[in-house]
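The structure appears below as structure tokens.
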Amino acid sequence: MKKNQILPKLINVLLIFSAAIILWLSHPNPIFNNGLGFLGYFIYLPFLLLIRRTSFKNVWLYAGLLGALSYFLLVFWLSKYHFLSLILVCLLYFIIYALLSFLLKFVQNSSSLICLLGQLFILAAYEYIKTLGYLGFSYGVSAYSQWKYSPLIQSSAFGGVFSLNLLLILPSVLLSFILESPVKKEKIKEIPFLCLSGIWVILFAANFIYGEVVLKHAKTAYETCPKIRVLAVQNNESPWKNGLAEHEKNVGSLIALSEQGVSEYPDTAFVVWPETAVAPSIMRHFYAMEDSGRFRLITKLLSYINASNQVFVIGNAHEEIDENQEKKIFNNALVFNPAENVFPPQPLMYTKKHLVPVSESFPFEKIFPRLYARLKKGNTHFWEKGSEYKVFIERGLAFSTPICFEDTFGNECRHFVASGARSFINLSNDSWSESLACQLQHLSMAVFRSAENRVPSVRSTSSGQTCIIDCNGRVTACARPFTQAYVSGKIPVLNEAFKESFYTRHGDVLGKLECLIAILLLIIKGILCIIRKNRGIHG
């Protein structure tokens with residue numbers, strides 16, 4: 001192979017690695033725990049340069065490799081669950097990036113305006129669409145790289161995370177536009193480039209100033225609200241261990257941590273335990289009494305709760321037997337109020353609605369029966385899906401309990417607030433990943449749920465990040481990861497003066513608008529291509 005043929009390929013490979021590393025480093029990762037947020041503005045720059053350098057014939061392969069490598073680095077921790085799950089994610093993003101490259105390439109050879117706007121809105125639409133449906137996956141969305149920049153994320157109260165996405169994507173589009181050509185000065189002077197650059201500067205400044213104003217007045221905004229103390233427990237137990245002895249040890253640790261926390265903070269009103277913190281079904285083993293050991297364990301737990309003065313919010317693998325005598329298992333949050341619904345146990349319950357694809361839900365049993373059978377034999381736990389956006393009201397606090405994966409989706413969580421919730425109590429379990437990067441990536445999305453809806457969040461996790469998040473998305477207290485610990489904090493009981501944010505009322509309308517604009521620009525580009533072709537034929 002000639003030298004002039006090798007060099008372009010080496011540059012393409014370099015761009016692939018650059019794009020993957022920028023995405024990886026911009027989000028929480030093993031090297032920089034909180035991520036390098038400033039890199040978020042350049043996530044798509046190498047990708048777009050690759051698109052501009054590559055022909056239609058080869059672009060899909062380079063783009064697919066870029067997508068696969070990017071998500072291999074970003075969610076490497078999936079291998080701890082099952083290496084196959086990581087491979088499937090990489091394969092999925094190989095396909096997604098390959099398809100995305102054709103759309104980006106299609107609008108590239110257009111006027112400056114169509115090219116710039118087309119690539120901007122295609123990428124913005126992609127980041128919205130990737131969070132939808134059964135395979136919806138919010139990890140890797142550009143705006144989440146800004147989770148530590150509190151002033152910037154306040155605008156999410158208007159358009160959710162996707163309002164900030166445009167600010168993150170546009171610099172990559174603009175820079176790729178001028179870097180593609182050796183005559184950079186001419187590109188910089190083009191009116192579309194100047195206009196979009198000016199708009200970006202104005203929007204960034206407006207975003208930052210608005211955020212600073214919101215944060216400045218945040219304290220006074222909640223001064224008149226009563227406060228209530230919540231204790232979030234982190235038990236640091238492995239989800240892979242099973243058996244009665246392990247369950248007894250785990251419940252004993254949870255009780256001991258709770259007693260210690262309540263002793264330190266006697267005004268505690270709520271105690272929160274993580275997702276499936278109590279593995280045996282509380283309701284089934286109390287009423288059925290099929291297993292004497294588990295019945296004793298559940299009775300001990302309920303006796304402790306009933307003797308307490310706190311409301312307990314507990315993650316539990318709830319079981320029911322249907323009319324066909326088949327066992328149904330649910331991932332539930334149970335709410336116990338001492339002296340009211342503990343003996344006999346009649347807790348208020350929420351069932352997880354948005355299940356993790358493949359590992360918690362696989363609706364393709366009839367299409368892929370062998371794969372379904374293999375998943376069932378492995379470490380997979382298939383749950384029954386919930387159907388209700390449940391809101392609890394205890395001790396004057398209106399709250400909902402999104403479970404683990406659910407608080408990575410803005411549209412899911414805003415439905416809770418629209419239904420009446422004025423705070424989130426999230427129960428999570430990321431301990432299976434054995435990765436601080438995984439836990440911080442999860443937290444980087446959770447902070448947006450508070451900023452979007454202007455409500456506080458309490459997160460109780462098995463190994464991290466157990467924390468308190470204020471109404472503006474700032475983490476005010478956090479337990480050390482991978483330790484047995486607890487976090488205590490006071491959150492506002494938002495009164496009748498609470499006003500729903502625009503995002504709470506209207507959801508991801510901006511994400512949908514970005515999709516619509518992308519489609520319109522693709523149609524315009526298609527019409528222009530047809531016109532040029534006809535002119536060529538008749539000219």
Could you grab the distance from atom [atom1] of [X] to atom [atom2] of [Y], nearest 0.5 Å is fine?
X    : Y    : atom1 : atom2 : answer
S400 : N426 : OG    : CG    : 11.5 Å
F38  : Q146 : CZ    : CD    : 10.5 Å
S79  : W77  : OG    : CH2   : 10.0 Å
I228 : F399 : CD1   : CZ    : 9.5 Å
T131 : E412 : OG1   : CD    : 10.0 Å
N207 : S155 : CG    : OG    : 3.5 Å

Are [X] and [Y] packed together at the side-chain level, in the sense that at least one heavy-atom pair is separated by less than 4.5 angstrom?
X    : Y    : result
V311 : R395 : yes
V447 : R474 : no
C515 : K512 : no
P481 : L436 : yes
D291 : H285 : yes

Under 3.5 Å donor-acceptor, [X] side chain and [Y] backbone:
X    : Y    : value
S433 : S435 : yes
N306 : P338 : no
N250 : E246 : no
S444 : Q441 : yes
E326 : I321 : no
R454 : A157 : no
N472 : L215 : no
N29  : F32  : yes
S281 : E319 : yes
D508 : G511 : no

(message) Does this structure show an ion pair linking K80 with E434, if we count only N-O contacts that are shorter than 4.0 Å?
(response) yes
(request) Salt-bridge test for R284 and E290: reply yes if a basic N is under 4.0 Å from a carboxylate O, no otherwise. (result) yes
(request) Evaluate the side chain to side chain contact (heavy atoms under 4.5 Å, CB included) criterion for residues V262 and S308: first the C-alpha distance (whole Å), next the side-chain angles of each, then the deciding distance (0.1 Å), finally the verdict. (result) CA-CA 10 Å; V262 171; S308 303; over 6 Å; no
(message) Can you list everything that forms a side chain to side chain contact (heavy atoms under 4.5 Å, CB included) with V356? Sequence neighbours excluded, please.
(response) K352, S359, E360, F405
(request) For I393, check side chain to side chain contact (heavy atoms under 4.5 Å, CB included) against everything at least two apart and list the hits. (result) A398
State yes or no: are the ring centers of [X] and [Y] separated by less than 6.0 Å?
X    : Y    : answer
Y503 : F158 : no
F76  : F83  : no
F336 : F312 : no

Less than 3.5 Å apart, which donor and acceptor atoms pair up between the side chains of residues 265-278 and the rest of the protein, not counting sequence neighbours?
unit_1, atom_1, unit_2, atom_2, d
D267, OD1, R229, NE, 2.8
D267, OD2, R229, NE, 3.2
T268, OG1, Y265, O, 2.6
W273, NE1, S258, OG, 2.8
E275, OE1, N429, N, 3.1
E275, OE2, N331, ND2, 2.7

(request) Establish, from distance only, whether the side-chain atoms of E264 and Y486 form a donor-acceptor pair under 3.5 Å. (result) yes
(message) Assess, by modelled atom type and distance only, whether the side chains of T466 and T461 contain a donor and an acceptor separated by less than 3.5 Å.
(response) yes
Are there over 12 heavy-atom neighbours, none belonging to [X], within less than 6.0 Å of that residue's [atom1]?
X    : atom1 : answer
K385 : NZ    : no
F72  : CZ    : no
K216 : NZ    : no
R480 : CZ    : no

(message) Which residue is it: I491, I469, V475? I am looking for the one with a side chain to side chain contact (heavy atoms under 4.5 Å, CB included) to S457.
(response) I469
(request) Among N453, T401, D407, find the residue that satisfies the side chain to side chain contact (heavy atoms under 4.5 Å, CB included) test when tested with F424. (result) N453
(message) Between K227 and V493, is the side chain to side chain contact (heavy atoms under 4.5 Å, CB included) condition met? List the steps.
(response) CA-CA 6 Å; K227 307 294 192 301; V493 179; over 6 Å; no
(request) Could you go through the ring-ring contact (aromatic ring centres under 6.0 Å, His included) check for Y389 and H415 one step at a time? (result) CA-CA 7 Å; Y389 291 102; H415 280 296; 4.8 Å; yes
(request) Measure the acute angle between the ring planes of F295 and F286, then classify it against the limits of 30° and 60° as parallel, tilted or perpendicular. (result) tilted
(message) Can you classify the ring geometry of F330 versus H318 as parallel (below 30°), tilted (30 to 60°) or perpendicular (above 60°)?
(response) tilted
(request) For the pair Y128 and L510, evaluate side chain to side chain contact (heavy atoms under 4.5 Å, CB included) and give the outcome as yes or no after the intermediate values. (result) CA-CA 9 Å; Y128 169 65; L510 187 56; over 6 Å; no
(message) Exactly one of Q439, E237, Q484, Q234 should register a side chain to side chain donor-acceptor pair (under 3.5 Å) with S463. Which one does?
(response) Q439
(message) Tell me every residue that passes side-chain hydrogen bond (donor to acceptor under 3.5 Å, both in side chains) with E259, counting only those two or more places apart in sequence or in another chain.
(response) none
(request) Not counting sequence neighbours, which residues clear side-chain hydrogen bond (donor to acceptor under 3.5 Å, both in side chains) with T351? List them please. (result) N332
Which atom pairs, one a donor and one an acceptor, fall under 3.5 Å between side chains of residues 134-142 and the rest of the protein, sequence neighbours left out?
unit_1, atom_1, unit_2, atom_2, d
Y134, OH, V358, N, 2.9
Y134, OH, S361, O, 2.4
S138, OG, T408, O, 2.8
S142, OG, E127, OE1, 3.4
S142, OG, E127, OE2, 2.7

(message) The test is ring-ring contact (aromatic ring centres under 6.0 Å, His included); show your working for Y144 and H27 and say whether it passes.
(response) CA-CA 7 Å; Y144 288 130; H27 293 83; 7.6 Å; no
(message) On a heavy-atom basis, which atom in I314 and which in L427 lie closest, and how many Å separate them?
(response) C-CD1, 4.1 Å
(request) Could you tell me which non-hydrogen atom of D430 sits nearest to which non-hydrogen atom of S462, and how far apart they are? (result) N-OG, 3.7 Å
